[in-house]
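Not measured: the values here are computed from a predicted model. In this chain, residues are counted from 1 in sequence order. Every heavy atom of this structure was used, including side-chain atoms; hydrogens, water molecules and symmetry mates were not.
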Amino acid sequence: MKILEQIIKKEYETGWELLSGMIPKGPGTAFPTHKLRWRLFERSFDNQYQWSEIFSTHSYVLNLLIEHFDYSEEKLADLLEKSESKQIQPADRENLLSFIESILDKVEVTHNTAWHDLRNTLSQHRSHPDAKWALPEKVLKRYEDIYKKLEPKDPIEQIVWMFNDHWPNFPEGLEKKELSIREQEKLVVERRVEGLRKIYEEFGFQKVKELATSVKETRVYGDTLARIIDKENEVLELCEYLKEDEGPVLHFIQRFILRKSLI
């Protein structure tokens, strides 16, 4: 423990990575190499460890991470990930969440990394509430409060994430056992249309046209925009993208025209 403390004091990034890696993320699969057979016959290497030792180690490591937190967005996302682990004790999760709640205003947010990660966390746990690994709603409500405080002030950033993943995760989750795939798809389309219509009405046609060049899921974006754009001059202006030889923007306009033809 003393050595770990010295490492993070003297080599911060290496120390943080080491300590962070000591907290288990959850159940997984491993394919370890064969265990070494020591031939030191005068001593035994059959060590036995108790859960109390393991949990006390986790507590010590988490306290070190809290003590040496640098108020960066990257480290905040890391602490939030550690707090989700089902392998840590409830008292450690409480300690982590209380610390995070107390320093949120001091964190310099630049890429909304923690906000995006939290949305995925909330969606995963709320979509599978009966799973053994799912966190209780009481804890998820605290994550949701943090999520809301981290929400970007830019109204476009609040919406455009839905077009950067093929299947977006909503913070309220989707109980997949109650909804068919078609019902889930319909709900996702409705959310996307609602969000993109807000951008169109508030920022105008040029902004939604411009976003076609920056979103990651251009096909999805084209399909959604076709459900909103009706003015002939705007449709024709979007068709200027057909002059592109290849690339995401061409995929956007192809899907836009396909959806328009179906409509």
Side-chain angles (χ1 to χ4, degrees), residues 71-81 83-84 97 100-127 135 137 139-176 179 183-230 234 238 248-249 251-252 255-256 259:
Y71 297 93
S72 69
E73 183 181 15
E74 178 190 9
K75 301 297 191 299
L76 172 64
D78 204 7
L79 287 187
L80 283 166
E81 181 188 20
S83 70
E84 298 168 32
L97 288 178
I100 289 168
E101 290 163 346
S102 70
I103 53 84
L104 271 184
D105 294 337
K106 300 177 183 178
V107 176
E108 184 179 353
V109 176
T110 53
H111 296 95
N112 300 313
T113 306
W115 183 64
H116 291 306
D117 289 350
L118 267 180
R119 182 174 57 254
N120 292 333
T121 296
L122 288 166
S123 178
Q124 182 183 32
H125 287 268
R126 284 175 168 167
S127 295
L135 292 170
E137 182 58 30
V139 175
L140 294 176
K141 184 63 175 65
R142 294 181 72 177
Y143 283 117
E144 185 177 9
D145 291 340
I146 297 171
Y147 174 78
K148 289 178 179 177
K149 289 179 181 178
L150 290 172
E151 185 177 50
K153 293 181 172 56
D154 184 348
I156 294 178
E157 285 293 319
Q158 294 173 9
I159 295 169
V160 77
W161 59 268
M162 288 190 283
F163 302 98
N164 288 328
D165 284 306
H166 183 72
W167 190 268
N169 291 317
F170 299 107
E172 63 273 24
L174 292 173
E175 285 210 39
K176 296 179 173 61
L179 296 174
E183 288 172 328
Q184 292 176 47
E185 288 176 344
K186 182 182 177 184
L187 182 59
V188 170
V189 169
E190 288 173 353
R191 293 285 183 84
R192 282 172 166 157
V193 169
E194 179 187 4
L196 191 54
R197 181 171 279 117
K198 285 182 181 178
I199 296 177
Y200 176 62
E201 291 173 352
E202 185 172 349
F203 296 94
F205 170 73
Q206 291 303 320
K207 175 52 71 174
V208 294
K209 179 186 176 185
E210 174 191 322
L211 286 173
T213 64
S214 61
V215 296
K216 294 179 181 178
E217 292 292 336
T218 51
R219 290 183 174 89
V220 167
Y221 189 76
D223 186 277
T224 308
L225 193 58
R227 303 166 192 265
I228 298 169
I229 299 295
D230 289 320
E234 293 178 349
L238 286 174
V249 175
H251 298 154
F252 154 78
R255 186 57 66 90
F256 177 89
R259 177 54 58 186

Return the [atom1] to [atom2] distance between [X] and [Y], rounded to the nearest 0.5 Å.
X      : Y      : atom1 : atom2 : value
Lys186 : Leu179 : NZ    : CG    : 11.0 Å
Arg119 : Asn112 : CZ    : CG    : 9.0 Å
Leu135 : His125 : CG    : NE2   : 4.5 Å
Leu118 : Ile100 : CG    : CD1   : 8.5 Å
Leu97  : Arg142 : CG    : CZ    : 4.5 Å
Lys75  : Thr113 : NZ    : OG1   : 11.5 Å

Do Tyr200 and Lys209 come within less than 4.5 Å of each other through their side chains, counting heavy atoms only? no
In sequence, state the C-alpha distance, the side-chain angles, and the governing distance for Leu211 and Phe163, and then conclude on side-chain contact (heavy atoms from CB on, under 4.5 Å). CA-CA 10 Å; Leu211 286 173; Phe163 302 98; over 6 Å; no
Main-chain N/O of [Y] paired to [X] side chain as donor or acceptor, under 3.5 Å:
X      : Y      : value
Ser83  : Leu80  : yes
Tyr221 : Thr213 : no
Glu73  : Val107 : no
Thr121 : Asp117 : yes
Gln158 : Glu151 : no

Qualifying residues under side chain to side chain donor-acceptor pair (under 3.5 Å), relative to Arg126, sequence neighbours excluded: Glu137, Glu144
For Ser72, side chain to side chain donor-acceptor pair (under 3.5 Å) partners two or more places apart: Asp70
As a quick check of understanding, evaluate side-chain contact (heavy atoms from CB on, under 4.5 Å) for Val215 and Val220, giving each step before the final call. CA-CA 9 Å; Val215 296; Val220 167; over 6 Å; no
On a heavy-atom basis, which atom in [X] and which in [Y] lie closest, and how many Å separate them?
X      : Y      : result
Pro171 : Leu122 : O-CB, 3.3 Å
His166 : Arg192 : O-NH2, 3.1 Å
Glu202 : Pro155 : OE2-CG, 4.3 Å
Ala212 : Val249 : O-CG2, 4.0 Å
Gly173 : Ser127 : CA-OG, 3.5 Å

Once side chain to side chain contact (heavy atoms under 4.5 Å, CB included) is applied, do any residues pair with Lys106, and if so which ones, sequence neighbours excluded?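 With sequence neighbours excluded, Lys106 shows a side chain to side chain contact (heavy atoms under 4.5 Å, CB included) to Tyr71, given in chain and number order.
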Residues Asp145, Lys141; criterion salt bridge (charged side-chain N to carboxylate O under 4.0 Å, His left out); working and verdict: CA-CA 6 Å; Asp145 291 340; Lys141 184 63 175 65; 2.9 Å; yes
Decide if atom [atom1] of [X] counts as having more than 12 heavy atoms of other residues, nucleotides or ligands within a radius under 6.0 Å.
X      : atom1 : value
Asp154 : CG    : yes
Glu74  : CD    : no
Glu108 : CD    : no

With Met162, the side chain to side chain contact (heavy atoms under 4.5 Å, CB included) member among Ile159, Val160, Asn164, Asp165: Ile159
Option among Thr218, Asp223, Ile229 that satisfies the side chain to side chain contact (heavy atoms under 4.5 Å, CB included) test with Phe256: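 So the option named by the test is Ile229.
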For side-chain contact (heavy atoms from CB on, under 4.5 Å), just list the numbers for Leu238 and Phe252, CA-CA rounded to whole Å, side-chain angles, deciding distance to a tenth of an Å, and then say yes or no. CA-CA 10 Å; Leu238 286 174; Phe252 154 78; 4.1 Å; yes
Whether Trp161 and Trp115 hold their rings parallel, tilted or perpendicular, with breakpoints at 30° and 60°: perpendicular
Is there a salt bridge (charged side-chain N to carboxylate O under 4.0 Å, His left out) between Glu210 and Lys207 once you walk through the steps? CA-CA 5 Å; Glu210 174 191 322; Lys207 175 52 71 174; 3.3 Å; yes
